[in-house]
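Worksheet: the structure to be examined is printed underneath.
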Amino acid sequence: MGIFDTSWVSMKSFLGKRGVKDEIQTFDARNISPEIRKSVEELLRKSKDSFEAKNAKRASVAAEPLAIWVKANVKFSYVLEKIGPLEAEQNELKRNLAKAQGRMDKLKTALDEVDAKVASLRNRFETFTKEAAELKIKLDRENETIIAAETLVTKLDGEYQRWNQQVGELAAEIQELPKRALLGAGFITYLAQAPEDVRRNCLKSWMEALTVEGFDMRRFLSTESEQLIWKSEGLPSDDLSMENALVILQINCIEAGSALRPFLIDPSSRATEWLKTHLKENRLEVINQQDANFSTSLELAVRFGKTLIIQEVDGVEPVLYPLLRGDLHAQGPRFVVQIGEKTIDYNEEFRLFLTTRNPQPEIPPDAASVITEVNFTTTRAGLTGQLLANTIQHEKPELEVRKTDLLKTEEDLKIQLAKMEESLLEELASAKGNILENKELLDSLNKTKASSTTIAESLSESVRLQASLDQERNTYLPLAESGSKLYFVISDLAKINNMYRFSLAAFLRLFNRALTAKQDGAGTDHRIKALSQRLKMLVYEYVCRSLFKADRLMFAMHMVHGTRPELFQENEWEHFTGMLVADVKSDGQRSAPSWVDQERGQAVANFRSNFSQLYSIFNLDDSSLWSNFSRSSECENEFPSAIDKKTSLFQQLLVVQAFRPDRLQTAMGHFACKALGMQELSPPSVNLKKLFESETIPSEPILIVISPGADPSQELQELATQTIGSDKYHQVAMGQGQADIAMQLLRECSQNGEWLCLKNLHLVTAWLPQLEKEINTLKQHEDFRLWMTAEVHPKFPTILLQSSLKVTYEAPPGLKRNLMRTYESWSPEYVSKTGNVVRSQALFALAWFHAVVQERRMYIPQGWTKFYEFSLSDLRAGADIIDRLCKSGSEVQWQFVHGLYEFAIYGGRVDNPFDLRVMVSYLKQFFDGSVLSSQSRNKRLGALKLPSSTNYRDYIDAIEELPEFDKPSYFGLPENIERSAQRIVSSQVISQLKILQRADVKASKFDKEVWANELGPVLNLWKKLNSGANIIQARVSPPSDKTGQELPVVSFIKLEYYNAIKLVQSIHQSLASLSKIIRGTMLLTSEAQKLAAALLHQETPLAWLSNWDGPEDPIQYLRGLVSRAIAIQTWVDKATHNTILRDTLDLSELFHPDTFINALRQQTARELGVSMDSLKFAASWKGSIQGAKIQVRIGGLLMEGCSFDGSRLSENQRDSPSVSGIPPCVIGWIPKDAPDAYSLDDTISIPIYTSNERDRIVARMEVPCGGNKNVWLQCGAALFLKTQ
């Protein structure tokens, strides 16, 4: 403590110091140095006791602790010394620690700063993190919004584009809506009665005029689903029926008076049945116009607002007019209408439909103006559609099901899509708040979009599937088209004969029957060909059964032309039917090939002119090549083999027509068989039993169309007895007063399942519509059958004909069958009555005569010039005469038989003197006392062995010996009559084919296009015929002989020329008027209408025929007229130079050759100074005629029936040409007392006709025959002028 003085005094002062206590307390033992310690220790050792506690305490209370403190400090000093290094180290460490602490404090301060910074940063970070989280939430939300917006935009984009497109379309449609509505209204108003092609053409022209594109009537006025419903209700699926249904239902929506009520022309009744089904929910009532309660039903329907269908409306009843016109009168709040004499309350829900099955109802103009005629008559395209549906239904029913399902699905999908669009638009419109946050809306959109995409895909898939289905369906289209063609081919037959009418229902049954042919697994194409062929066969057999035999070849040819157009090159058919105008003027100088008959020159020139290339291919000028063909009796099989391969069947037929018309009938049959793929054209004969079992049904009457003299009653009676028993078979022969009985029986039989036969319906045609309607309303028992017989009648009702199963029943041809029919009508008792052999023989001679005169009609005009109605009544009257003459027992006066038969019974029907001569020759030949006598043995009656007994069986045996087919010699006809018959038959067939080519037009309606097409050939022909000839421009004045000195022949020629020019100019004027009317530069007059009516029916107008009675075919008439007019110019030149009587003249160049012969007579009488009556006509092939003052040389005459070489007649052989030329002859008039050029016993009077049709006689000429006149009479010998 710095005081080294250890004395008490020092101690005392030290202790007395102020603050000593603190100093002691705060004394640091480290300040004790070892020297000090050593001194203290020394002190302590020295004063050891003093430093004892108890001792010190005694000295002072304070001394004790201080002594202890000193001791302790000494000890502590040691300790300190001991721990000094440690302490030093500790201090060092402390310093270091302090240093470190300082650094640490520094660092801590820094750390605190960092912590503070970190804390502040953390705070910021937390703030930022929070903000980031908020931003992220917002971002996610915005992203979602963007995605939603994108989705919305993307998904609405498709809708937007489609809606935009739709809006564009709708805008365009709205803009075009008035035009489209106009088209729809025009269609409903004006086109409902028109066929499809007219509708298409009219709509097309209207669309062009209104600048409207892609207008679809059906889509405009209805939906696919509506059309599917109509189909399921029984409406035919073709376009025509669908469009008609639209028209009907559109009109039905409009109240009466505002639109014309629909009048359905529905021959098949399918549309009427559909209408009944479709309107069954509309308080429907169906009545017939003929019903007794018609007026009552009508009144009730009007009053209670029913829907009324009136059936069988053949004409609009006057009672309906106020309803059709909408003549409503207001009485307070209600309307009334006058029905008959009653005023009826009119209910605005009343709807009216009129229907008829008559395809051509007569609707007067006043009725036509208050109805809308809706025509369901089948058209070609419509029938194709129906037949295709039938085919698919039968062959591939799954296709039809799939197509229907597809259409339904498509319609459903469209509806679904429309609903989705509607609901989407509704949701978009009604969405509240932010549209992008509306999850439900977006989900709905997604769903809608997904569905709409699926639907769109389904729709496009549906369209694709439909296209492939249609393609698959269309593989059967050729069969449907072939069937449609066939139906319209058979529909044309009514132009030939009113009885040849066939219903669509019957045709559809045939078509379905064809489809039942077995599958042979050879592929679709082969199947279609097989079905087409089977259909043709079925239709051919069905139709042929309803045709007379004479018309079957015509039908076969018409069927080939209608169904196999590929067999005909351009203009070939027109040439064949004579419709093609040949320009033979330029070709007129070339003569026919040397191997051709002279009379074929014109036909050959026509063929060469129309088909010059074909003519050279055939190499027809080569005589050696064609010699076999020209001589052959079967030339159609004798075509040179080199040519046969290069030409078609029809081209060969054209050659036969031009060069060998005597084989044309056979050649046509041969061609038709090959073209139709048949063995023969004759179908199996009709068997009533087989017909009943396989084809008849209760609802379809069987109409047997009979030829005169044929009667199926016996066969029908036998069939009825076998089938249902004679007590259940009733027959009524129709006539006056039988209608009510027939109607009563009809009702009873149909109810009881019995058979009824109504005979001779052609006698009661006015009553037949009533019968037909009764048949249609009957409820038939399944065993009921209605049989009807009728002869052909032009007024037989169409509907009854169409709804009947028709068969023709003709008397079988041939003498043998004719004789059998006669003997079947006579009993054995009648033949053997009185036991007089001569009477039995005379009856046999009468039967033979009756058969010969009847069967000779097969060879018109060579056999008879026309058809004479020799009938059973003539036979009965003839038998009655024989009975009377044989009663007396004395010798029979055969001249009585000759006289009565010639002038009263058979001859009373004959009006041609040359036909009468043939009949008289038969009478003298058959009813001859040297042949018919009881003593005669082994005598023959013509071809028959004549029995000399009264035994019925003997006569039957004699008839049985006759062959089945007649020989020409039985009639006295030439061996080559077959050639003439073929010419006649083939020319009749061609005339019929020409009639079938006529368009079904009514001349009363002017149709520019139809008139241009139909009258074009005639107008073109006229133009061609007159090109180069100056007839039209020629100016002629009427011939006048003021001096009276002009020769009659010259006067005749001048008058003939004047009349020819006038007629040509008159015809030119009328045809020019027609041409102007067609071009639209002249108004239609009644004269032009009559002219057009005749020409449209391919008939020569009466106005022309009144000037010259020429051919009835206008084309032949015009050709003949111009060729004669040109030829007469040369006659005028010859007459002017007085050379007319020196040249060889051709009478066929004159219009009136008979008048020329009369003029020659007049001139001869004048020169001889005698009366015309005192002269007789003479002809000579020896040179000049003795006693003839004026002689004329005549050439160009043709002969048929026999041949003539200038000296005598000779019989034709089998291979002789049917027509041959005769040498030119000299004719003149000589006094009656002058000697004849030939002996009268050696000559026969032969007629000269204007044409081979033998309808007009020019003169009769005595021709040397070498005796046996009967031979030449019976062979039908005649001369005629060559055709111009």
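Just so it is clear, the values below take in all heavy atoms, side chains as well, and ignore hydrogens, waters and symmetry mates. Residues take their numbers from the sequence shown, with the count starting at 1.
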One pair to check against side-chain contact (heavy atoms from CB on, under 4.5 Å): Gln250 and Thr372. What are the steps and the verdict? CA-CA 12 Å; Gln250 285 293 321; Thr372 298; over 6 Å; no
Begin with the C-alpha distance, continue with both residues' side-chain angles, and end with the deciding distance and a verdict on side-chain contact (heavy atoms from CB on, under 4.5 Å) for Glu131 and Thr127. CA-CA 6 Å; Glu131 283 176 5; Thr127 309; 3.8 Å; yes
Are Leu477 and Thr391 close enough, and set up right, to give a side-chain contact (heavy atoms from CB on, under 4.5 Å), and what steps lead you there? CA-CA 9 Å; Leu477 193 59; Thr391 309; over 6 Å; no
With ring pair (Phe, Tyr, Trp, His ring centres under 6.0 Å) as the criterion, how do Trp206 and Phe215 come out once you've worked through the C-alpha distance, each side chain's angles and the decisive distance to 0.1 Å? CA-CA 11 Å; Trp206 293 353; Phe215 174 70; 9.7 Å; no
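The backbone N or O of Glu348 lies less than 3.5 Å from a partner atom in the side chain of Arg351, making a donor-acceptor pair.
Across all non-hydrogen atoms, the minimal contact from Phe304 to Asn347 is C-ND2, 3.5 Å. Of all the heavy atoms in Arg283 and Gly305, the pair that sits closest is NH1-O, 3.6 Å. Of all the heavy atoms in Met242 and Pro236, the pair that sits closest is CE-O, 4.2 Å.
Side-chain contact between Trp230 and Leu249: present, with at least one pair of heavy atoms (C-beta onward) separated by less than 4.5 Å. No side-chain heavy atom of Tyr476 sits under 4.5 Å from any side-chain heavy atom of Leu387. Contact check for Met207 versus Glu213: no side-chain heavy atoms found under the 4.5 Å cut-off. The side-chain heavy atoms of Lys179 and Thr211, taken from C-beta on, include a pair separated by under 4.5 Å. In this structure, the side chains of Glu395 and Thr475 stay at 4.5 Å or more apart for every pair of heavy atoms.
Residues forming a salt bridge (charged side-chain N to carboxylate O under 4.0 Å, His left out) with Arg95 (at least two apart in sequence, or on another chain): Glu92. For Glu52, there are no side-chain hydrogen bond (donor to acceptor under 3.5 Å, both in side chains) partners two or more places apart in sequence or in a different chain. Not a single salt bridge (charged side-chain N to carboxylate O under 4.0 Å, His left out) links Asp238 to another residue, sequence neighbours left out. Every residue meeting the salt bridge (charged side-chain N to carboxylate O under 4.0 Å, His left out) condition with Arg334, not counting sequence neighbours, appears here in chain and number order: Asp345. The side-chain hydrogen bond (donor to acceptor under 3.5 Å, both in side chains) check on Asp28 picks up Arg30, with sequence neighbours excluded.
Taken from CZ in Arg200 to CE in Met217, the straight-line distance is 9.5 Å, to the nearest 0.5 Å. Remark: Asn390 CG to Leu479 CG distance equals 10.0 Å, nearest 0.5 Å. Rounded to the nearest 0.5 angstrom, Phe27 CZ and Ile32 CD1 are separated by 4.0 Å. For the atom pair Ser205 OG and Leu210 CG, the distance stands at 9.5 Å (nearest 0.5 Å).
Here the options are Leu275, Val374, Leu284, the test is side chain to side chain contact (heavy atoms under 4.5 Å, CB included), and the partner is Phe353; only Leu275 passes. No option in Thr189, Ile188, Leu191 other than Ile188 meets the side chain to side chain contact (heavy atoms under 4.5 Å, CB included) test with Val247.
Residue Gln25 qualifies as enclosed at atom CD: its count of foreign heavy atoms under 6.0 Å is above 12.
A salt bridge links Glu273 with Lys276: the distance from a Lys NZ or Arg NE/NH1/NH2 to an Asp or Glu carboxylate oxygen falls below 4.0 Å. Looking at Glu196 and Arg199, no side-chain N of the basic residue comes within less than 4.0 Å of a carboxylate O on the acidic one, giving no salt bridge.
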Counting only pairs under 3.5 Å, give me each side-chain donor-acceptor contact of residues 110-126, with atom names and distances, residues two or more places apart or in other chains.
{"from": "Ser120", "atom 1": "OG", "to": "Lys117", "atom 2": "O", "distance (Å)": "2.8"}
{"from": "Asn123", "atom 1": "ND2", "to": "Ala119", "atom 2": "O", "distance (Å)": "3.3"}

